[in-house]
Asker: 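Please see the structure below; I have some questions.
Naming convention: chains lettered A, B, ... in sequence-line order (proteins, then strands); numbering from 1 in each chain.
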2 protein chains.
Amino acid sequence: MALASMITRKELPKGYLLLEQGNVCQHFYLLEKGFARGYYNHEGKDVSLWFAFEGDILTSLYSYATGKPSYTSIEILEDSVVNGFTFGQLNDLLEKYPEFNLVGRLLAEQYFIELEERTLSFQFKTATERYYELIRKHPQILRRASLGHIASFLGVSQETLSRIRAKRE
Amino acid sequence: MALASMITRKELPKGYLLLEQGNVCQHFYLLEKGFARGYYNHEGKDVSLWFAFEGDILTSLYSYATGKPSYTSIEILEDSVVNGFTFGQLNDLLEKYPEFNLVGRLLAEQYFIELEERTLSFQFKTATERYYELIRKHPQILRRASLGHIASFLGVSQETLSRIRAKRE
DNA sequence: TTCTGATTTTGATAAATGTCAAAAGAAATC
DNA sequence: GATTTCTTTTGACATTTATCAAAATCAGAA
């Protein structure tokens with residue numbers, strides 16, 4: 001079983017829902033080109049959890065690890081190209097070549113570290129600081145994501161983010 | 001190299017600082033008996049990031065994964081017994097028996113999932129809801145951790161948590 | 001270009017929470 | 001048991017941010 005033969009390449013239009021909250025995620029997708037976000041919907045409130053750029057992975061690690069329905073949805077925000085394979089294929093691979101668990105471990109560690117940073121920033125930084133940090137790290141986000149999406153990612157209302165922007169300059 | 005011979009058992013008194021912010025963490029510790037917390041200190045504000053019970057692991061996954069100084073400290077909150085081994089020993093083991101990466105992967109996934117849940121609860125739940133969820137999951141925490149520690153874990157001031165408690169019953 | 005719908009900004013007000021200060025209570029030490 | 005120290009509660013007030021509503025701006029379709 002060759003790795004290459006497992007991979008399916010797909011073109012996805014803007015607005016496409018790659019994964020819907022409540023469904024069990026079955027795939028890893030590598031975002032070759034485009035832009036996407038993960039979000040969580042709770043009582044009508046739609047909150048962005050992450051943004052994914054070229055080279056990032058689109059999946060629900062939760063679903064993969066637990067086999068349970070994902071509580072995040074994945075939305076394609078710009079026409080994109082992804083390369084995907086199923087969890088089943090990956091598990092076969094891991095079974096056959098246990099060394100690959102090293103990659104899995106490093107990946108999960110990486111995920112954890114990024115999330116830890118995000119969590120800390122919620123507890124220690126103001127929305128304003130989080131905003132400027134975000135656009136410093138990912139300036140492109142300003143052009144690619146809407147104010148509403150960014151606001152919910154930062155944990156503030158749109159109006160508040162708009163006022164944060166207004167204060168500067 | 002036997003796993004058992006690597007492990008060192010230690011008794012640690014209440015108040016002991018197992019890991020200090022700014023130092024590179026070198027060990028995994030399994031908490032056999034006792035109670036501990038991880039916390040982060042920022043400009044004098046001391047914020048609890050997690051509590052560890054019997055059976056939990058005490059370490060800085062961040063330090064382990066990156067080799068950089070930990071930004072969390074680990075404090076023993078009750079006289080405890082831990083079983084520890086160094087990252088170096090663990091890495092030797094992983095190199096010799098790559099299958100162990102599976103354990104590492106699952107562990108990192110587990111860490112990630114728990115943190116994800118915590119992060120979501122910050123964005124979607126009120127401090128009151130987070131409080132009652134915490135004591136539902138870990139009732140013992142009420143007896144073992146101080147109000148101040150719990151308040152910072154929940155992301156509110158002590159006074160606010162005190163008022164949350166007063167409202168009920 | 002013009003229209004239409006979505007996004008962003010602005011204003012007024014209400015609600016939640018933090019901060020400071022002090023009192024009350026509990027625990028530890030002598 | 002009395003004293004000291006730490007923890008928790010309570011009160012008053014200030015600050016931050018959300019919410020609701022409306023206006024302004026922008027973007028895509030006709």
Asker: Taking CD1 from A/Ile164 and C1' from C/dT10, how many angstroms apart are they, rounded to a whole number?
Answerer: 15 Å

Asker: What I'd like to find out is whether the side chain of B/Leu93 reaches to under 4.5 Å of the side chain of B/Phe85, using heavy atoms alone.
Answerer: no

Asker: Side chains of B/Leu12 and B/Asp79: closer than 4.5 Å at any heavy-atom pair?
Answerer: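 No, their side chains stay 4.5 Å or more apart.
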
Asker: Going by the salt bridge (Lys or Arg N to Asp or Glu O under 4.0 Å) test, which pairs reach into residues 13-26 of chain A, not counting sequence neighbours?
Answerer: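 The answer is none; no pair qualifies.
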
Asker: What N/O pairs connect the protein and nucleotides 8-11 of chain D at under 3.5 Å? Give each pair on its own line.
Answerer:
residue : atom : partner  : partner atom : Å
D/dT8   : OP1  : B/Leu147 : N            : 3.1
D/dT8   : OP2  : B/Leu147 : N            : 3.0
D/dT8   : OP2  : B/Gly148 : N            : 3.4
D/dT9   : OP2  : B/Ser162 : OG           : 3.0
D/dT9   : O5'  : B/Ser162 : OG           : 3.1
D/dG11  : N7   : B/Arg163 : NH2          : 2.4
D/dG11  : O6   : B/Arg163 : NH2          : 3.2

Asker: Side chains of B/Ser121 and B/Arg130: do they bring a donor and an acceptor to under 3.5 Å?
Answerer: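 The answer is no; no qualifying pair exists.
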
Asker: In whole angstroms, how far is the C1' atom of C/dA27 from the CD atom of B/Glu78?
Answerer: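 Taking CD of B/Glu78 and C1' of C/dA27, I get 15 Å after rounding.
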
Asker: I need the minimum non-hydrogen distance between A/Pro69 and A/Ser63, along with the two atoms involved.
Answerer: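 So the two residues come closest at C-OG, 3.8 Å.
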
Asker: Could you check if a side-chain atom of A/Ser60 sits within less than 4.5 angstrom of a side-chain atom of A/Leu19, using non-hydrogen atoms only?
Answerer: yes

Asker: Quick one: which protein N/O atoms are closer than 3.5 Å to N/O atoms of nucleotides 13-15 of chain D? Pair and distance per line, please.
Answerer:
none

Asker: Does a side-chain heavy-atom distance below 4.5 Å link B/His149 with B/Phe51?
Answerer: yes

Asker: When you check the gap from the basic side-chain N to the acidic O, do A/Arg37 and A/Glu75 get nearer than 4.0 Å?
Answerer: yes

Asker: Compare every heavy atom of A/Ile150 with every heavy atom of A/Leu134, then report the nearest pair and how far apart it is.
Answerer: CD2-CG2, 3.9 Å

Asker: Of all the heavy-atom pairs spanning B/Ala127 and B/Val156, show the shortest one and how long it is.
Answerer: CB-CG1, 3.3 Å

Asker: Show the atom names and distances, to 0.1 Å, of all donor-acceptor pairs under 3.5 Å that link a side chain in residues 25-32 of chain B to residues at least two apart or in another chain.
Answerer:
residue : atom : partner : partner atom : Å
B/Glu32 : OE1  : B/Arg9  : NE           : 3.3
B/Glu32 : OE1  : B/Asn83 : ND2          : 2.9
B/Glu32 : OE2  : B/Arg9  : NH2          : 2.9

Asker: Round to the nearest Å and state the distance from B/Leu142 atom CG to C/dA26 atom P.
Answerer: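 From B/Leu142 CG to C/dA26 P: 16 Å.
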
Asker: With B/Arg136 as the cation and B/Tyr131 as the aromatic partner, state whether NZ or CZ is under 6.0 Å from the six-membered ring centre and within 45° of the axis.
Answerer: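 Pair B/Arg136/B/Tyr131 does not count as cation-pi.
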
Asker: Can you pull every protein N or O that's under 3.5 Å from an N or O on nucleotides 24-30 of chain D?
Answerer:
none

Asker: Name the orientation class of the two ring planes belonging to B/Tyr111 and A/Phe112 (parallel below 30°, tilted from 30 to 60°, perpendicular beyond 60°).
Answerer: perpendicular

Asker: Angle between the end axes of the helix from C/dT1-D/dA30 to C/dC30-D/dG1, five pairs per end, to the nearest 10 degrees?
Answerer: 40°

